[in-house]
Amino acid sequence: MNYDNIMQLALERGFYFPSCEIYADAQAGFWEYGPAGVSMKAKFLELWRRELVRRDGMLEIDGSQIMSQSVFEASGHLASFADPIIRCKSCSSTFRADRMIFEVSKIEIPESADLADFDKVISEKNIRCSKCKGEFDKCRKFNMMFKVEIGPEGEPAYLRPETCQSIFVDFPRLFKTMRGKLPLGIAQIGKSFRNEISPRQSLLRLREFYQAEIEIFCNPNKLNDLEKFSEIQDTIIRIQIDDEVKPVSCKQVVESGVIPNKFVAYYLGMLTEFYEKAGIDITKSRFRRLGEKEKAFYATVAFDFEVQTTIGWLELVACNYRSDYDLTSHANKSKEKFEVLDDEQKVLPHVFEISMGIDRSLYTILEHSLREEKENDRIVLSVRPYLAPVHVGILSLVKKDGLKEKTDEVHLKLKRKYDTFLDHSGAIGRRYRRLDEVGAPFAITVDHQTLQDDTVTLRNRDTMEQQRIKIVDIDSTLSKSVSFP
RNA sequence: GCGGAGUUAGUCCAGACUGGUAGGACGUCAGCUUCCCAAGCUGAAGGUCGCGGGUUCAAUUCCCGCACUCCGCACCA
């Protein structure tokens, strides 16, 4: 199913929809999660906690979304998270100054150079608009961070453009108080904000979006000294080598030197296992090593985890080896000490980051899970049961003869523990179809036989088959079927 | 930001050229019927036709501006 099908499902079934849509001044790039979206997101994040945070013994924090200016002076975002742009005075086309200059004059100016340097070259080389030959306005910086003003004096601060800065800033306290030992993972789920020039495609390019980020602090001298590597050494990851995606075990990928060390391979393997359990079609995924030009300014080695969707390859996770870039910067700026003891030696940890886009991941799960079954005239969202927005539909075959009351009783027993949907009205087939579309893996139906022997039918979403089970056994049956792996 | 196409009920769309405040399908709700897979019948609710301005006696329709959505370019941690 394609992007449009997912969009329609999202709007009709309450997965997500545009923010502030009743007002004309609603801005692009902001979307809301509806009930089904929230339910699925919560379960996805629970899986993430299980498969990454708890599995690897990481710490989880929840930091402020607004952070002080100093943080971003140190992190480099104030200077580097901005593009020098020039605008044509006559046709108002906007270009990146550094690229325009390079194309025309072959002079390379780093994008972080002073604005005056760009203006100087533009006037010296008489660079004109490539569309209309018009003159350019003065070069200016477009910073993608949202600035906010704090208090009556309007002190400057920023909405964080990535969640991880809290983790770096908090690292000294966390390491001391949580009795940290390297390697130590610190994780965070939260919102980040980027003033994208042109947000697109609903959840895929947002101005306000969710990230699940993990920063693993490690001793750079011990990147191949990792006992737990044996856990994932046979896990197959799909990695792009010379334009070809090959499935290779984590062990092989290190031995062949495609991935620089066991440490990185370990987390890429773990990430693959996570997405497999999240129901993404792993055969449509790849790790792609980024070239020098594509990498973020803080990364020394970067792998993107990408998946194939109907609108092309989509980046779900950025895995960056950030070395000591962040800790050194924050140490210099704040005078705080970031060195820690590892085997009686003082080291400044390096950081490997797994930066996941939650919204994009959820979209991909929907796209990889939604299918149309023409023979049964239905659309089915075959998500993993433990991620389903609704675990179980609870239906009365008909309303009368006391079946409604009996159904309500069954519902009452289940609704605290499971995400249920109670439904008494309409044709039974239609109610099953509706549940199929929100991905409910099971439906329980109370019929006339229920009144005689306290049994109900349990319908399986994917097979449409039913089995009859005792009411007292519903809980244990469901419990097994919808629990996390 | 540029170029193109759009925006009408929860969803998908018709209507407009020829101005007189809207219609279908699906969905939703209620009732009857059926009694396990979108059946049928009856009825109902739901739209200031994206927003603002202009022309006009009258604008969803014509004109202008803006926003949003989609596609392409550019941008993109």
Side-chain angles (χ1 to χ4, degrees), chain A residues 3-5 7-14 17-31 34 75-77 80-83 85-88 91-96 99-100 111 129-132 142 144-145 161-165 192 194-202 204-207 209 211 213 290 294-299 302 304 311 315 317-320 322 353 355 357 373 375-379 395-401 403 425-437 443-449 456-461 463-466 468:
Chain A
Y3 177 83
D4 290 333
N5 302 131
M7 198 62 239
Q8 190 172 339
L9 178 81
L11 293 171
E12 275 186 350
R13 298 289 172 209
F17 47 87
S19 182
C20 311
E21 60 179 335
I22 63 167
Y23 286 108
D25 63 348
Q27 296 289 316
F30 300 93
W31 291 70
S75 73
H77 284 87
S80 303
F81 196 53
D83 293 329
I85 54 174
I86 40 175
R87 187 186 167 95
C88 172
C91 75
S92 66
S93 296
T94 307
F95 304 93
R96 270 187 62 154
R99 301 215 173 179
M100 176 60 75
E111 57 174 292
C129 173
S130 60
K131 279 192 183 161
C132 74
F142 175 68
M144 302 237 303
M145 284 195 294
E162 53 178 5
T163 58
C164 60
Q165 289 306 322
S192 291
R194 295 177 190 176
N195 200 357
E196 296 282 353
I197 296 169
S198 77
R200 281 281 163 89
Q201 287 163 326
S202 59
L204 305 186
R205 186 115 163 264
L206 294 159
R207 286 187 167 130
F209 59 101
Q211 292 186 299
E213 291 197 298
L290 301 188
E294 288 181 287
K295 284 187 314 197
F297 62 85
Y298 45 68
D304 276 356
I311 50 166
E315 177 195 335
V317 188
C319 303
N320 294 305
R322 297 174 77 125
E353 151 181 277
S355 173
E373 264 181 23
E375 64 277 22
N376 292 316
D377 193 21
R378 63 174 192 157
I379 288 170
L395 318 175
S396 47
L397 187 59
V398 292
K399 255 185 273 191
K400 54 186 184 184
D401 304 334
L403 292 188
S425 69
I428 192 74
R430 172 172 309 184
R431 285 180 274 162
Y432 288 145
R433 294 297 178 283
R434 209 158 27 205
L435 288 166
D436 289 340
E437 255 184 64
I444 283 169
T445 305
V446 169
D447 56 17
H448 288 98
Q449 192 181 329
V456 294
T457 60
L458 181 70
R459 172 186 183 268
N460 181 299
R461 173 195 67 199
T463 62
M464 295 173 70
E465 279 166 9
Q466 289 177 299
R468 191 161 272 281

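These numbers come from a predicted model, not from an experiment. Residue numbers begin at 1 in each chain, while the letters A, B, ... track the order of the sequences. Side chains are part of it too, since the values below use all heavy atoms of this structure and drop only hydrogens, waters and symmetry mates.
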Could you check how far NE2 of A:His448 sits from P of B:U34, rounded to whole Å? 11 Å
Categorize A:Glu162 for me: base, sugar-phosphate, or nothing, with a 4.0 angstrom heavy-atom threshold over every strand shown. base
Counting Watson-Crick and G-U wobble pairs whose two distances are both under 3.5 Å, find the runs of 3 or more in a row that involve RNA chain B. B:1-7 with B:67-73, B:10-13 with B:23-26, B:28-32 with B:40-44, B:50-54 with B:62-66
Worked verdict on A:Thr445 versus A:Tyr432 for side chain to side chain donor-acceptor pair (under 3.5 Å): CA-CA 10 Å; A:Thr445 305; A:Tyr432 288 145; 2.6 Å; yes
Between A:Arg430 (CZ) and B:A30 (C1'), how many Å, whole number? 14 Å
If we take the C1' atom in both B:G19 and B:U56, what is their distance in whole Å? 9 Å
On a plain distance test, is the side chain of A:Arg459 in donor-acceptor contact with the base of B:C36 below 3.5 Å? no
Check every strand shown and say whether A:Tyr23 touches a base, only sugar-phosphate, or nothing at a heavy-atom separation below 4.0 Å. nothing
Value in whole Å for how far the P atom of B:U69 lies from CD of A:Glu196: 13 Å
Quick check for you: among B:A38, B:G10, B:U69, whose closest atom lies nearest to any side-chain atom of A:Glu12? B:G10
Nucleotide by nucleotide, 5' to 3', does protein get under 4.0 Å of the base (B), only the sugar-phosphate (S), or neither (-) in nucleotides 41-49 of chain B, counting heavy atoms? ---------
Atom CG of A:Leu206 to atom C1' of B:C75: distance rounded to whole Å? 16 Å
With a 4.0 Å cut-off on heavy atoms, is A:Ser355 in touch with a base, just the backbone sugar-phosphate, or nothing at all? nothing
For A:Arg322, is there an ion pair with A:Glu162 - N to carboxylate O distance below 4.0 angstrom? yes
The single option from A:Ser202, A:Pro199, A:Ser19 that satisfies side-chain contact (heavy atoms from CB on, under 4.5 Å) with A:Trp31 is A:Ser202
Suppose we call a contact any N or O donor and acceptor under 3.5 Å apart; does that hold for the side chain of A:Arg200 and the base of B:C75? no
State which residues pass ring pair (Phe, Tyr, Trp, His ring centres under 6.0 Å) with A:Phe209; sequence neighbours excluded, sorted by chain then number. none
Main-chain N/O of A:Pro161 paired to A:Arg194 side chain as donor or acceptor, under 3.5 Å: yes
Quick check for you: among B:G27, B:A77, B:C36, whose closest atom lies nearest to any side-chain atom of A:Thr445? B:C36
Measure from the side chain of A:Ile428, starting at C-beta and using heavy atoms only, and say which of B:U69, B:C37, B:A77 lies closest. B:C37
Distance between P atoms of B:G20 and B:G4 (Å, rounded): 29 Å
Nearest-angstrom distance from the residue atom CZ of A:Arg205 to C1' of B:C71: 14 Å
Any non-hydrogen side-chain atom of A:Gln201 less than 4.5 Å from a side-chain atom of A:Met7? no
Among the nucleotides B:C68, B:U11, B:G31, whichever has the atom closest to the side chain of A:Lys399 is B:G31
With rounding to the closest Å, how many angstrom separate the C1' atoms on B:C75 and B:U18? 45 Å
Do A:Pro18 and A:Leu11 have side-chain heavy atoms sitting under 4.5 Å apart? yes
Span that lies between the P atom of B:A38 and that of B:U28, in whole angstrom: 13 Å
Side chain of A:Gln27 only, heavy atoms from C-beta on: which candidate in B:C68, B:A77, B:A39 is closest? B:C68
For A:Thr457, does its backbone N or O pair with a side-chain atom of A:Gln466 as donor and acceptor, under 3.5 Å? no
Phosphate OP1/OP2 of B:A30 contacted by A:Ser425 side-chain N/O (<4.0 Å): yes
Distance, C1' atom - from B:U11 to B:G53, rounded to whole angstrom: 32 Å
What distance, rounded to whole Å, do you find between the two C1' atoms, one in B:A14 and one in B:U61? 14 Å
If every non-hydrogen atom of A:Ile428 is compared with every non-hydrogen atom of A:Ser396, which pair is closest and at what distance? CD1-O, 4.3 Å
Against A:Asp436, only a single residue in A:Glu373, A:Arg431, A:Arg378 fulfils side-chain contact (heavy atoms from CB on, under 4.5 Å); can you say which? A:Arg378
Closest-nucleotide mapping onto RNA chain B: is A:Lys400 or A:Gln8 further toward the 5' terminus? I mean the 5' end. A:Gln8
Give the rounded distance in Å between these two atoms: CG of A:Asp436 and C1' of B:C37. 9 Å
B:C51 versus B:U60 - spacing of their C1' atoms, nearest Å: 13 Å
How is A:Gln201 classified with respect to the nucleic acid when contacts are heavy atoms under 4.0 Å: base, sugar-phosphate, or nothing? sugar-phosphate
Output the rounded distance in Å from CE (A:Met7) to C1' (B:C71). 16 Å
Take A:Glu465 and A:Asn460 through the test side chain to side chain donor-acceptor pair (under 3.5 Å) and record every step on the way to the result. CA-CA 6 Å; A:Glu465 279 166 9; A:Asn460 181 299; over 6 Å; no
On the side chain of A:Tyr432, is there an atom forming a donor-acceptor pair with the base of B:C36 - under 3.5 Å, no angle test? yes
Among B:C29, B:A38, B:C37, which nucleotide has an atom closest to any side-chain atom of A:Glu437? B:A38
Base, sugar-phosphate, or nothing: which does A:Asn376 touch, judged by heavy atoms less than 4.0 Å apart? nothing
Would you mind classifying the nucleic acid contact of A:Glu353 as base, sugar-phosphate or nothing, using non-hydrogen atoms under 4.0 angstrom? nothing
Rounding to the closest angstrom, what is the interatomic distance between B:G6 and B:C64 at atom P? 15 Å
Backbone N or O of A:Gln449 within a donor-acceptor pair of the A:Asp447 side chain at under 3.5 Å? yes
For residues A:Thr163 and A:Ser192, report the shortest heavy-atom separation together with the two atoms involved. N-OG, 3.2 Å
Among B:A77, B:C37, B:U69, which nucleotide has an atom closest to any side-chain atom of A:Gln466? B:C37
Would you indicate which nucleotide in B:C36, B:C68, B:C29 comes nearest to any side-chain atom of A:Asp447? B:C36
Please report the distance, rounded to the nearest Å, between CZ in A:Phe30 and P in B:A67. 15 Å
